[in-house]
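What you see is a predicted model, and the numbers here were worked out from it, not measured in a lab. Just so we're on the same page: letters track the sequence lines, and every chain starts at 1.
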Amino acid sequence: MQGKNLVVEPVTRIEGEARVIITLDDAGKVNNVYYQVLELRGFEAFCRGRLVEEMPRISQTICGVCSIPHHMASAKAVDMLFGRKPTETAIKVRELVHYIYMIDDHLLHLAVMALADLLAERSSELRGLVDVVKRYPEVIKKLITARSITTSIIKKICGKIIHVPIAIPGGVSRKLSKEDLEFIEKSLRELRGHLQYTLDLFKNTLSKSRRLQELARREDYELKTYYMGLVSEDGSLSFYDGVLRVVDYKGSEVATFKPEEYTKYIAEHYEEWSYSKFPYLTIIGWQGLEEGGVVRVGPLARLNVCSKVPAEWALNEYKEMLEFFGGEKVVNNTLAYHWARLIENVYALEVVEKMMIEHRDLLSTGEVVNLEGTPRYEGIGVVEAARGVLIHHYKSDSNFLVTDVNIITPTAINNAAINTQLKKIALKSWTRLLLNEDLTNLISELEVAIRAFDPCNSCATHIAGSRLIRVFIYDSHGNLLKVI
Amino acid sequence: MNKPNIVIVHGAICGGCDVALANSEEAISKILENLDLAYWSVAVDSRLSDLKSLGKIDVAVFMGGVRTSEDEELAKWLREKSKILVAFGSCSAYGGIPGLAALTSPIELINLVKSTITTSSQYKSIIELPKLPELSTYRALPHVVNVDIVVPGCPPPIKVVNEFVNVLLKYIAGEEPIGPLVIAGSKAQCETCPRKPKDLSKLQIPSIKRIYEAKIEENRCFLEQGILCLGPVTREGCEHSCINVNMPCTGCFGPLPGFEDVGLRYIAGILALVAVEREKELMEQGLAKILDKLVDRLGVLYRYTLPRSRLYMLKLSLEGSEYAR
């Protein structure tokens with residue numbers, strides 16, 4: 001083997017176990033970086049043989065953080081497999097839950113994963129949530145209150161907060177009661193102020209923190225990739241339904257397709273060194289872990305692909321972000337993912353507020369389930385999870401037992417981009433890795449980048465494991481020098 | 001004064017247990033107040049080497065099933081070092097949903113994952129990298145080591161999480177663990193179910209219906225509607241969170257005390273109920289016909305408990321596995 005290897009494992013504050021491997025050449029210079037995902041639970045295998053109608057409840061346990069989008073993507077795949085159009089009431093109930101989930105997940109990421117990176121004045125100053133709690137107790141208190149609102153809405157509608165049971169083929173298990181509606185309306189009014197607070201916090205920090213400004217301007221955090229995301233028929237930002245659009249790093253449209261056509265546009269590459277696969281765009285082809293060939297999904301990608309943000313507050317916030325990054329239509333800086341998340345929160349809130357006015361009656365009256373339809377025995381469901389495009393694809397036998405399952409998660413789609421991003425940072429700025437101080441700083445910079453993607457390796461491989469990255473350093477003869 | 005320490009460690013997880021713990025402000029603040037949170041990779045940047053450098057551990061909370069060789073090694077190490085070992089969540093306690101993979105061999109599992117609809121066939125390795133941890137025979141934590149406290153639920157609900165922390169604090173104050181203690185009720189879901197029929201002994205099950213075939217009535221016992229519900233064999237303690245939103249129980253709280261094998265007990269109970277006053281039909285059509293809607297028995301009856309079932313033990317012993325019991 002050429003080069004020395006440096007391995008960072010586990011990476012902290014991400015979901016699911018992963019490690020970073022850095023290989024050095026004879027001169028001790030970085031020559032490659034790998035982001036390796038370490039566990040496998042094998043949902044594609046053991047979901048075979050299950051009752052199709054139970055898939056929304058089973059497959060969502062791929063991930064306890066984004067169980068709701070798994071539940072919804074699964075429900076949509078199951079609707080299609082049974083050939084059923086869900087009732088209007090069911091669609092609205094699902095959308096409501098999904099949009100509230102989006103806010104909840106983004107807030108959780110902010111509190112647990114991102115804040116320590118954003119608020120730190122020096123690299124590695126804050127070692128995760130516990131340090132943030134000590135230094136900025138009032139910030140955490142606010143976020144806890146905000147999340148208690150989103151989780152209580154989800155619990156009110158779904159009975160549970162994580163691994164929810166409501167979606168069934170062609171519908172939902174229940175509609176909302178008057179009391180539910182009143183509770184939600186009251187909660188939404190409180191949520192508004194909290195979301196304003198998170199945006200103010202972020203923007204104030206950004207305007208004051210030299211470190212953050214530097215990172216936001218650094219060229220090695222710029223990644224010129226393709227972007228993919230769901231947009232509604234008119235090109236608006238959408239989380240639950242629509243068509244998939246792909247744009248390049250300048251914003252030019254490369255493809256737009258229906259979710260059912262995804263196999264024509266997305267294929268998965270497998271490498272023996274990771275349990276996570278590497279989905280790629282077939283129109284570009286698998287080009288290895290290279291900037292020009294990979295695709296990104298998630299909050300930043302969604303804003304980059306959509307042509308409209310049809311909500312007043314969110315649009316203003318979005319314009320402000322674009323201005324900060326130079327006014328182009330597409331933002332390529334990886335750290336902008338954090339900002340995009342907060343803008344999406346506002347958007348989700350505005351969508352739900354509007355829904356509560358326009359569809360109040362529908363949510364609490366009408367049929368919850370449609371039992372009619374001609375089965376197709378194959379179904380595909382796509383939604384936007386907090387981390388990006390999520391695809392569930394099932395086939396069944398005539399007795400509605402699952403025969404085939406394919407699940408492509410956003411973190412798997414981002415897997416190649418994460419690898420590429422790490423390589424770019426490490427190759428660009430770091431040459432004398434064996435000096436300890438440099439090493440600590442490099443690892444910290446790599447982790448900051450990884451967390452900006454908000455990766456969820458439980459999702460990526462439908463895997464498991466602790467959420468730490470370990471760093472392994474290997475020398476040019478393949479000897480392990482160090483594990484950090 | 002030195003506070004007792006606590007570590008929170010993962011096997012094969014989905015992350016839901018971490019979020020469930022984090023969702024309880026009460027539990028988190030009690031933990032931070034009374035214990036030294038020495039390792040929880042979600043919340044504190046720390047590496048496995050930090051965990052391994054701890055001389056002693058007072059409380060170890062294990063989330064997730066035992067899937068890889070590394071998980072197993074970690075579980076055994078924790079047992080050795082810790083005063084109190086906790087199986088947190090249904091995966092750790094009973095195997096959980098990923099436990100449905102228990103009957104699939106690791107090689108088969110990897111091959112199936114590699115061969116999905118969109119996987120390209122021409123894969124190659126760029127470079128020889130450190131090997132991935134090996135997948136081992138999937139097991140629940142109590143199958144690998146003895147545990148002191150079991151916290152069931154997929155994931156454990158806030159009320160159970162809070163109760164768990166209270167029990168923990170009592171132990172730390174000096175009460176001896178009388179384990180394994182399960183933080184749940186010892187009765188069946190049905191006993192406290194809001195849909196409990198007036199006379200449970202007269203419950204009859206019409207022909208079995210699958211969820212896609214039925215408009216489920218609210219406020220009426222699922223079994224009376226022919227919808228399979230695992231309430232009769234599942235511990236109470238979840239406050240009927242699924243039942244309250246008109247969905248039947250799937251058994252995440254695990255088996256009732258004394259009945260480790262949920263499926264066998266359920267089949268025995270349901271058979272009796274389905275057969276009530278249908279002797280003639282039974283004679284003419286045979287039992288198999290009446291139960292033909294009970295398909296995917298593994299996924300329905302053992303959704304969270306397959307790795308603790310007799311069936312799995314039988315498989316292991318037939319294979320001559322070292323893990324057979």
Side-chain angles (χ1 to χ4, degrees), chain A residues 1 7 10 12 15 21 34 38-42 44-46 49-51 53 57-58 61-65 67 82 112 127-130 144 151 158-163 165-166 168-169 173-174 263 266-273 275 369 393 399 401 406 458 464-468 470 472, chain B residues 9-17 19-20 22-23 25 37 41-48 64 67-68 97-98 100-101 104 108-110 112-114 116-120 123 125-130 132-133 135 154-155 210-212 215-216 218 241-242 244-247 250 295-296 299:
Chain A
M1 179 162 68
V7 184
T12 46
E15 304 294 334
I21 295 171
Y34 298 92
L38 297 175
E39 280 216 46
L40 181 88
R41 287 173 298 168
E44 276 99 343
F46 71 73
R50 305 284 83 84
L51 309 179
E53 68 272 26
R57 285 226 255 185
I58 292 174
T61 57
I62 284 171
C63 182
V65 179
S67 68
F82 280 97
V112 178
R127 296 175 68 243
L129 177 63
V130 172
I144 288 175
T151 55
C158 304
K160 293 172 78 182
I161 303 164
I162 302 158
H163 303 329
I166 59 156
I168 53 176
S173 64
R174 65 182 282 259
T263 55
I266 299 168
E268 292 177 283
H269 176 79
Y270 192 88
E271 294 273 346
E272 296 290 347
W273 53 268
Y275 277 135
V369 63
H393 184 176
N399 199 20
L401 293 175
N406 194 32
S458 319
S466 80
R467 50 210 54 203
L468 296 162
R470 288 169 276 182
F472 290 70
Chain B
V9 182
H10 305 119
I13 51 152
C14 73
C17 286
V19 183
N23 279 351
E25 203 183 338
L37 179 55
S41 54
V42 185
V44 197
D45 286 10
S46 42
R47 320 236 168 243
L48 270 180
R67 175 76 271 184
T68 65
I97 288 183
L100 289 169
T104 316
E108 229 178 305
L109 203 66
I110 292 172
L112 278 168
V113 169
K114 280 185 195 171
T116 54
I117 301 158
T118 51
T119 311
S120 52
Y123 52 80
S125 198
I126 298 176
I127 189 175
E128 193 192 321
L129 290 173
L132 294 166
L135 300 185
C154 181
R210 283 169 61 178
I211 282 175
Y212 76 84
K215 271 205 174 119
I216 306 173
E218 295 198 39
S241 51
C242 294
N244 284 339
V245 295
N246 204 25
M247 288 293 272
T250 52
V295 280
D296 180 25

Region of Ile216(B) in contact with chain A, defined by heavy-atom distances below 4.5 Å: neither

Nearest-0.5 Å distance, CD1 of residue Ile13(B) to OG1 of residue Thr61(A): 12.5 Å

From CZ (Arg174(A)) to CE (Met247(B)), nearest 0.5 Å: 12.5 Å

Proximal component of Leu51(A), with respect to chain B [non-hydrogen, under 4.5 Å]: both

Worked check of side-chain contact (heavy atoms from CB on, under 4.5 Å) between His163(A) and Cys14(B): CA-CA 10 Å; His163(A) 303 329; Cys14(B) 73; 3.5 Å; yes

Shortest non-hydrogen contact from Gly299(B) toward Arg50(A): CA-NE, 3.5 Å

Interface moiety of Ile162(A) toward chain B, non-hydrogen atoms closer than 4.5 Å: both

Straight-line distance of Asn23(B) CG to Ile144(A) CD1, nearest 0.5 Å: 10.0 Å

Gap separating the CG atom of Asn244(B) from the OG atom of Ser173(A), nearest 0.5 angstrom: 10.5 Å

For the student: nearest non-hydrogen atoms of Ala101(B) and Phe46(A), plus distance: CB-CD2, 3.3 Å

Contact leader toward chain A among Glu218(B), Lys215(B), Glu25(B), Arg210(B), where contacts are heavy-atom pairs under 4.5 Å: Arg210(B)

4.5 Å side-chain heavy-atom contact, Val245(B) and Pro165(A): yes

Nearest heavy-atom neighbours spanning Lys160(A) and Cys242(B): CD-SG, 3.9 Å

Part of Ser67(A) lying under 4.5 Å from any heavy atom of chain B: neither

